[in-house]
Structures are given as C-alpha cells and as structure tokens.
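The model shown is predicted, which means the values in this text are computed figures rather than measured ones.
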Amino acid sequence: MRLATWNVNSIRARLDRVIAWIERSDVDVVALQETKCKDEQFPEQAFRDLGYEVAHHGLSQWNGVALVSRVGLEDVSTAFSPDVPHFGDPAVAEARAIGALCGGVRVWSLYVPNGRSLEDPHYAYKLLWLEQLREAGKAWLAQDPDAPVALVGDFNIAPTDDDVWDVDVFAGATHVSEPERKAFSSLVEAGFADVVRPYAPGPGTFTYWDYTQLRFPKRQGMRIDFVLGSPALQARVSGATIDREERKGKGASDHAPVIVELAPNA
C-alpha cells in the first residue's frame, strides 16, 4: 500500500495538479491538509472519477483536512479525542483532523495549529492540541498494541536542527521552539516513530519552502510534514520518499507530498 500526505494549500486552487499527481504517483491513500473549503465545496467527484472514496472535514475557508482512499474508507471520525482543544471567539473545534480505516490501517490526516508566535494564544493552543493527540495515541496503543496507526500531515514543527535550513533564522520563533520540539518527541516516545527519516536522511531534506525570498530554488526549507507510525505500521514500512519535484512550477503548493510504502500485513 502506498500512503501519502500532502498539505495542498487550497484544494480548489490546485485540483488539477493534485489529480494529475495522484494519477502519476499511483497512491492508494492520500491525506490532505489545508484544503481551505467547506465540505460542500470540496471537489469530491474528481476523486471519485479516479476510483477513490473521499472523507473531508472543512468548516470555512481556513484549515480543512481530507482522506482519499481506493482501499476502503471506514469508521470516519473528525475528533481524535472528546477533549480536543477549541480556539477562536467563540471557541470552536477547528477542522484539523480526520481519521478513518483505510486498507486495515487507521490513518489520521492532521493539520497541527501553526502557533503564530511564542506570545500568541495560538501557540498555547498548539501545545495543548499536541498534548491531547499524544494522550489519544497512547490510549489507542494501550488498548491494542498491534494496531497499525498512521499519524500523518503537517505538524508545523521542525523537530531537529537538521530539519530547517538555518535554525538561527528562526530563533525566538515558532516551529523550532523547545516546547514544540518536546511535544513532537513526546509523540515519538508514545510509540509513533518517524518512518520517513530512515529513507530520507538530512540535513537538507525538506517538505516545505516558503513562497517568499526564493526559498525553494535556494533550498531554504523546513521538514514539517511527517508520517508517524505505530510499531505495527513501522514494521511494514519498506520505503519512503519526499516528492520535491511537485513543489516546482506554476501553481505549486508550498509543501511537497510525502509517500510511504507499506508491505502487506503478515
């Protein structure tokens, strides 16, 4: 099974590129983030025409997550925890998570809050959101240690210095702060391994490049998109790639797709 994750930065603006990439890449399951549309605006038929089922969670022109699968899409949920943090005025549970059983794997498409700045309330929200995700993940594995679970998406964290082109540029900013990195490490310690890193070693291996200041051609990026797998999922990983080519050209997202190859379940 080929499992991919991709922050598309507006599915309606990039539908043609996404559909072409899916056809070309022959992926079985794609987790999308930052779809930036309501459920009724999601171009579901374009994916169904290719033989994929679709589950989307979007409430406004911001955020939004989806799962696209041709190997089954069952038991869909939009909350990994009954205590998922709320944000805003009035406070709401944003469209940042959707999970389903796809080909026997529980896949969660996740769009972790950005944090904005270290002083912003959004930063505290981000840390609480990650804490609740960790607690949910621990509970799933405590209930079934052999469950194949994939936490995939845009985590908005560069967990090590190798995951950012110049960590000094981001001093005092989000994505590289110690509490964020600790939150990421706590997910790994809870049993969810970064299954891409062994196949895409750093430094200089990134998944995101800002649109400004020619960051992409200068290779000034960050690795903030991940596939974190439970022990049962990690045991099935036979390869992983970051499709940097898809960041090129007119109308590209500022993120590249990340693809993981899974061997059949023994």
(message) Consider side chain to side chain donor-acceptor pair (under 3.5 Å). Of Asn7, Asp225, Asp163, which one does Thr207 pass it with?
(response) Asp225

(request) State, to 0.1 Å, how close Arg236 and Val105 come at their nearest heavy-atom pair, and which atoms those are. (result) NH1-CG2, 3.7 Å

(request) State whether Glu53 and Arg70 are salt-bridged, where the test is any N-O pair (Lys NZ or Arg NE/NH1/NH2 against Asp/Glu carboxylate O) under 4.0 Å. (result) no

(message) Would the distance check show the side chain of Ser10 and the main-chain N or O of Thr35 forming a donor-acceptor pair, the cut-off being under 3.5 Å?
(response) no

(request) Report the distance from atom OG of Ser230 to atom CZ of Arg106, rounding to the nearest 0.5 Å. (result) 12.5 Å

(message) One thing to verify: whether Arg223 and Asp162 come together as a salt bridge, which I'm taking to mean a side-chain N less than 4.0 angstrom from a carboxylate O.
(response) no

(message) Measuring only between side-chain heavy atoms, which start at C-beta, is Trp165 closer than 4.5 Å to Phe170?
(response) yes

(message) The criterion is side chain to side chain donor-acceptor pair (under 3.5 Å); which residues satisfy it with Arg181, sequence neighbours excluded?
(response) Asp161

(message) Return the CD1 to OG1 distance between Ile98 and Thr78, rounded to the nearest 0.5 Å.
(response) 6.5 Å

(request) For atom CD of Glu40, decide whether the heavy atoms of other residues, nucleotides or ligands shown that lie under 6.0 angstrom number more than 12. (result) yes

(message) Are Trp6 and Trp21 an aromatic pair, judged by ring center distance below 6.0 Å?
(response) yes

(request) Decide yes or no for Trp209 and Arg244: does some side-chain heavy atom of the first lie under 4.5 Å from some side-chain heavy atom of the second? (result) yes

(request) Go through the structure and list residues passing side chain to side chain contact (heavy atoms under 4.5 Å, CB included) with Asp39, not counting sequence neighbours. (result) His56

(message) Has His86 got a side-chain atom pairing as donor or acceptor with Val84's backbone, closer than 3.5 angstrom?
(response) yes

(request) Check whether NZ of the Lys or CZ of the Arg Arg134 lies under 6.0 Å from the centre of the six-membered ring of Trp129 and within 45 degrees of that ring's axis. (result) no

(request) Please name the pair of heavy atoms, one in Ser238 and one in Ala263, separated by the smallest distance, quoted to 0.1 Å. (result) OG-N, 4.3 Å

(message) Is a donor from one side chain sitting under 3.5 angstrom from an acceptor on the other, for Thr212 and Asp210?
(response) yes

(message) So, taking the atom named CZ in Arg96 and the one named CH2 in Trp62, what distance separates them when rounded to the nearest 0.5 Å?
(response) 11.5 Å

(message) Looking only at side-chain N and O atoms, does Asp83 offer a donor or acceptor that is under 3.5 Å from a partner on Gln132?
(response) no

(request) Give a yes or no on whether a salt bridge exists between Arg2 and Asp28, defined as a side-chain N under 4.0 angstrom from a carboxylate O. (result) no

(message) Centre-to-centre under 6.0 Å for Phe47 and Phe42, is that the case here?
(response) yes

(message) Looking only at side-chain N and O atoms, does Tyr52 offer a donor or acceptor that is under 3.5 Å from a partner on Glu44?
(response) no

(request) List the atom of Leu59, the atom of Ala93, and the distance in Å for their closest heavy-atom pair. (result) CD1-O, 3.6 Å

(request) Would you check if His175 and Asn156 make a side-chain contact, meaning some heavy-atom pair closer than 4.5 Å? (result) yes

(request) State which residues pass salt bridge (charged side-chain N to carboxylate O under 4.0 Å, His left out) with Glu189; sequence neighbours excluded, sorted by chain then number. (result) none

(request) Compute the centroid of each ring, for His122 and then for Phe87, and state whether the two points are separated by less than 6.0 Å. (result) yes

(message) Can you tell me which residue among His255, Gln33, Lys36 is in a side chain to side chain donor-acceptor pair (under 3.5 Å) with Asn9?
(response) Lys36

(request) Name all residues meeting the salt bridge (charged side-chain N to carboxylate O under 4.0 Å, His left out) criterion together with Asp154; count only those two or more places apart in sequence or in a different chain, and write none if there are none. (result) none

(message) Is it the case that the side chain of Tyr199 and the backbone of Val237 share a donor-acceptor pair, with hydrogens and angles ignored and the cut-off at 3.5 Å?
(response) yes

(request) Please round to the nearest 0.5 Å and tell me the distance separating atom CG of Leu130 and atom CZ of Phe155. (result) 8.0 Å

(request) Using a 4.5 Å cut-off on heavy atoms from C-beta on, say whether the side chain of Val152 contacts that of Leu110. (result) no

(message) Are Leu3 and Leu50 linked, directly or through intermediate hydrophobic residues, by side-chain heavy-atom contacts shorter than 4.5 Å (ILVMFWY only)?
(response) no

(message) So Ile22 and Val30, do their side chains get closer than 4.5 Å, heavy atoms only?
(response) yes

(request) Take atom CD of Gln143 as the centre, draw a 6.0 Å sphere, and report whether it contains more than 12 heavy atoms from other residues, nucleotides or ligands. (result) no

(request) Enumerate the residue pairs fulfilling salt bridge (charged side-chain N to carboxylate O under 4.0 Å, His left out) with a member in residues 11-21, sequence neighbours excluded, ordered by first and then second residue. (result) Arg17-Glu246

(request) To the nearest 0.5 angstrom, please state how far the CG atom of Asp194 sits from the OG atom of Ser185. (result) 10.5 Å

(request) Output the distance between atom OG (Ser186) and atom NZ (Lys138), rounded to the nearest 0.5 Å. (result) 8.5 Å

(message) Measuring only between side-chain heavy atoms, which start at C-beta, is Thr5 closer than 4.5 Å to Pro257?
(response) no

(message) Between Arg247 and Asp254, is there a side-chain heavy-atom distance shorter than 4.5 Å?
(response) yes

(message) With a 4.5 Å cut-off on side-chain heavy atoms, are Val260 and Val196 touching?
(response) yes

(request) Not counting sequence neighbours, list each pair that qualifies as a ring pair (Phe, Tyr, Trp, His ring centres under 6.0 Å) and has a residue in residues 89-118. (result) Trp108-Trp140

